[in-house]
> 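Starting off with a structure, shown below.
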2 protein chains.
Amino acid sequence: MATGRDVAKLAGTSTAVVSYVFNNGPRNVSAETRAKVLAAAEKLNYHPNALARALSFGRTASVGLIVPDIANPFFGELARALEDAAISRGDLLLIGDSALDVDREAQIVAAFVERRVDSVVMVSLHEHPDFSAFTRAGIPIVALHPVDAASPASSVTIDYDAASRAAAEHMIGHGYETIALLNGPSESVGAGHHRRGFAAAVAAGVAAGGASIRTTEVNSATSRADAATMALDWLVTPDRPRAVICATDEQAYGVLHAAHRLGLRVPQDLAVMGFDGTEHSAYAVPALSTVRQPIPLIAERAVGLLRDAESGPVHEVLGHELELRESCGCHDEAGSAHR
Amino acid sequence: MATGRDVAKLAGTSTAVVSYVFNNGPRNVSAETRAKVLAAAEKLNYHPNALARALSFGRTASVGLIVPDIANPFFGELARALEDAAISRGDLLLIGDSALDVDREAQIVAAFVERRVDSVVMVSLHEHPDFSAFTRAGIPIVALHPVDAASPASSVTIDYDAASRAAAEHMIGHGYETIALLNGPSESVGAGHHRRGFAAAVAAGVAAGGASIRTTEVNSATSRADAATMALDWLVTPDRPRAVICATDEQAYGVLHAAHRLGLRVPQDLAVMGFDGTEHSAYAVPALSTVRQPIPLIAERAVGLLRDAESGPVHEVLGHELELRESCGCHDEAGSAHR
DNA sequence: CTGTTAGCGCATTCAA
DNA sequence: TTGAATGCGCTAACAG
C-alpha cells in the first residue's frame, strides 16, 4: 500500500501537506498543490492508514457494539440502526456477537479495549455487568438495558416493568382467565422486569374487581427453538393456559409454531403476546401482537449520549408501544370472525 | 491508558522486555523479571494498544465481513459462524452491514481498507463486484457467492443452479401443475441461478413425460415485507399457482403470511418451498421446506481459504441439502391428513 | 503557504 | 538475558 510519503514524493511536496489535504486542515493548502497531491494519491491508490492516524490522533473513529445474539432479528435491527447513526457521524460500527456465551463476551470486550474503540454500546449477558475494563480505559459506555444506579454506564431503555405490565393488562382486558408468562431463564437480565410487570397487572386487575385470574410462569431460553420445544410439552396438557405472554418475540414465534403443531388455533384456542416488536413480528402467522421498542430512537439516543459523554452517566427512558395485531385476539385478518 | 513504558518503568525494566513478555518472544525473559512485568501490567491495567502493535507488526488480526442485510437471519447465522471461526484463529471479526445500499457497501469497503483488515469475506450487492479496492491493497478476499472466472476473489458457495433445480424437481414430484418461482429482483445477484435451475427442472419433467406444468416467475425484494405485500395481491387472483418456490426463506415467510391472511391453507391450498435453510425455517407456521446451505461449513472453509490465500483464487463448491418439512406437502405435523 | 520534525505505542534489530 | 535505538504511517506544532 502506498503511504503518505509516497504521495508526497510523487507530488513533490512534504508529508505534512498530504496530511493537510486529506484532513482539510489544520493548515491551508494552495489549490494548485492540493490538486497535485490529489492526483498523486489517486494514481497511487492512496488510502490513509487508519491505524497510524488513530495512533497519532488519539481517536479511532469507531464505536463497538456488543449484542448477545446477532441471529436474533431484534439485535439485527438494532445493529442496523446503530450503524446508520454511527456512519452519519463518520464512525465505523464494530459489531461483536457474544453468542450467548459469557466467555465470548469477555473476549470481545478485551478486543474492543485493545483496539481502542472510542465508545461502546452494549447489551450484556450479565444482570450486573462489570464495565470496569472499559471505564478503566476511559471508554464511555451506553447499556441498552437497565443498569445499577452506581454503574458508570449510561443507559437507554424503555420502562420494561411498565411495558410488561401494559402487555399483561391488555391480555387481562381480553377476559382471559388463565394467563401464563413465558419468561426468559429465571435469573436472566430482564426476567425480573417481566415478572414484576405481569404481577402488577394481575394485582391491579383483581383490585379492580375483575374475574379472578390463574397465572403461571414458565421459562425457556430466548430462542424460538427452545421456546418451541418447551411449549410442545407444556401446551399439550389439558390445563394449558388460555393466553401466553412472552418475554421476547423469539419465544413467541416458538409458541406460535408449537401451537400449530398441536393443532391449537391462535388466537381462538390460545392467545399470544410477544415483546420487542421487530419488523418480523408483523409477518408472523398469525401476525404477532407485541410490545414495540423504538429501535431507531434507541440507536439515535445511544450515539447521542456517546457524543457528549463527559458529564457522567445519564439514563434515558424511552416510550414503548403496544402493537395490537391478530395473535392476542384483537384483529382478525384471516377470515373467520371471533372475539 | 497505561502504556508499555509505564509498565517498564514500574517493573524497573525496558519496554523491550515488556514486549518480550507479552509476545512470548522473540527473546527469552527470566522468570523473575517476567513476574515483575506481569505484576506491573496487572497493577496498571495494561492492555497493549492493538493499533500500535498492528502498525509495527503489519497485521491487524482482524477479518472483515460485509453482508447485505444483517437483519436477515441467514446473514446473522453466517456472521455467528464466521465469528466462531475467526476467534478460534485469534482474530476479530468486523461485521459491516451494507443494508442493501450500494453506497453503504462502498463506504464499508473503504473503511475496511483504511483499517487494514487482513482479509475480507463478502456477500456483495453487485452481480459483478469490483474487488479492486481490496486487491490493490493486497487484501485477500473470499466471496460467498459465485464470481467471474477472471475475478481475483476466491469463492465458497453451493451449486445454486443445482440446488434450485432440486427444489423445483421436488415440487414437480409432488404433482403440482402450476408452479411459480418467487425470485429476487430480476437483475439481482442470484436471480439467474434460480431461474436456470427452475427451468432445468421443468424441462426435465417434460422430457420425462410428466404432466405439463404451467410456470411463472414473479419478483420481490429479498424481505418478508416485500414478499408479503406482493403475494397479497398476487395470490388473491383465481389463477394463482398451486405451488410457490422462493429464492430465499425471507420471501417464503412473506408468502406464508400472505397465505394466512388470504385464508389459504399451506400446503393444502398452496405449497411453499424456501431457500437458505436457517434455523428459523424449522419454526415457521407451518414448518418450512427449504434448501439448506451448510453455513458452518461455509464459514470454516472461508477462513480456511484466507489462511493460505497466497496461491491465487480458489473456488470451492459445497453441498446443499433438501430439508423437507410441512410447507411443501411432505410431512404433516399439524393433524389433518393430506397429500 | 509549505517543509522539518517530534511524537503516538509497540516490535525488533543491534549492542552490551 | 536485557537495554537502547529505529521504524511502522500519520498528525500537528514549530519553523521558515
Side-chain angles (χ1 to χ4, degrees), chain A residues 1-38 40-41 44-62 90 111 113-118 137-139, chain B residues 1-38 40-41 44-62 90 111 113-118 137-139:
Chain A
M1 287 275 333
T3 73
R5 239 169 72 163
D6 300 329
V7 175
K9 197 170 302 174
L10 182 61
T13 69
S14 73
T15 62
V17 175
V18 175
S19 172
Y20 300 152
V21 168
F22 275 84
N23 297 302
N24 289 317
R27 295 278 90 84
N28 276 341
V29 178
S30 74
E32 189 182 5
T33 36
R34 155 178 251 99
K36 274 197 289 197
V37 167
L38 257 16
L44 295 174
N45 183 232
Y46 171 66
H47 286 266
N49 184 322
L51 283 68
R53 169 196 291 250
L55 188 58
S56 175
F57 199 67
R59 192 178 172 305
T60 55
S62 58
V113 170
E114 288 177 0
R115 276 171 174 70
R116 301 294 191 271
V117 295
D118 296 325
I139 299 174
Chain B
M1 286 273 336
T3 72
R5 239 170 72 163
D6 300 329
V7 175
K9 196 171 302 173
L10 181 61
T13 70
S14 73
T15 62
V17 175
V18 175
S19 172
Y20 300 153
V21 168
F22 275 83
N23 298 302
N24 290 317
R27 296 277 91 83
N28 276 341
V29 178
S30 72
E32 190 182 3
T33 36
R34 156 177 251 99
K36 273 196 291 197
V37 168
L38 257 16
L44 295 175
N45 184 233
Y46 171 66
H47 287 265
N49 184 321
L51 282 69
R53 169 195 290 252
L55 188 59
S56 174
F57 199 68
R59 190 178 175 300
T60 56
S62 59
V113 170
E114 288 177 359
R115 277 172 174 71
R116 302 293 191 272
V117 296
D118 296 326
I139 299 174

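We name chains A, B, ... by the order of the sequence lines, and we start the count at 1 in each one. All of these numbers come straight from a predicted model, not from anything done at the bench.
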> Establish, with yes or no, whether the OP1 or OP2 oxygen of C:dA11 is under 4.0 angstrom from a side-chain nitrogen or oxygen of B:Arg53.
yes
> Could you go through the side-chain hydrogen bond (donor to acceptor under 3.5 Å, both in side chains) check for A:Asn24 and A:Arg34 one step at a time?
CA-CA 10 Å; A:Asn24 289 317; A:Arg34 155 178 251 99; 3.0 Å; yes
> Does B:Thr3 put a side-chain nitrogen or oxygen below 4.0 Å from OP1 or OP2 of C:dG9?
no
> How close or far is atom C1' of C:dG9 from atom CZ of B:Phe22, stated in whole angstroms?
13 Å
> Is the shortest side-chain N/O distance from B:Tyr46 to OP1 or OP2 of C:dC10 below 4.0 Å?
yes
> Is A:Asn23 close enough to D:dT11 that one of its side-chain N or O atoms is under 4.0 Å from OP1 or OP2 there?
yes
> May I ask you to verify whether the side chain of A:Ser56 and the base of C:dG7 hold a donor-acceptor pair under 3.5 Å?
yes
> Just call it for B:Tyr20: base, sugar-phosphate, or nothing, with non-hydrogen atoms closer than 4.0 Å on any strand.
base
> After noting the C-alpha distance and the side-chain angles of A:Leu51 and B:Arg116, does the key distance pass the side-chain contact (heavy atoms from CB on, under 4.5 Å) rule?
CA-CA 8 Å; A:Leu51 283 68; B:Arg116 302 293 191 272; 4.2 Å; yes
> Send over the distance from B:Arg116 CZ to D:dC10 P, rounded to a whole Å.
7 Å
> When all nucleic acid strands are considered with a 4.0 Å heavy-atom cut-off, which category describes A:Asn28: base, sugar-phosphate, or nothing?
base
> Is there a side-chain contact between A:Thr15 and the phosphate of D:dT11, meaning an N or O under 4.0 Å from OP1 or OP2?
no
> Just the rounded figure in Å: distance from C1' of C:dT2 to CD of A:Glu32.
13 Å
> Rounded to whole angstrom units, what separation is found between the CZ atom of B:Arg5 and the C1' atom of C:dC10?
12 Å
> State whether the side chain of A:Thr33 and the backbone N or O of A:Ser30 hold a donor-acceptor pair below 3.5 Å, judged by distance alone.
yes
> In this structure, how many angstroms lie between the P atom of C:dC10 and the NZ atom of B:Lys9, rounded?
13 Å
> If each of B:Arg34 and A:Ala16 is mapped to the nucleotide of DNA chain D with the nearest heavy atom, which maps nearer the 5' terminus, i.e. the 5' end?
B:Arg34
> Would you kindly say whether B:Asn49 and A:Arg115 are connected by a side-chain donor-acceptor distance under 3.5 Å?
no
> Could you tell me how far apart B:Leu55 (CG) and C:dT12 (C1') are, to the nearest whole angstrom?
14 Å
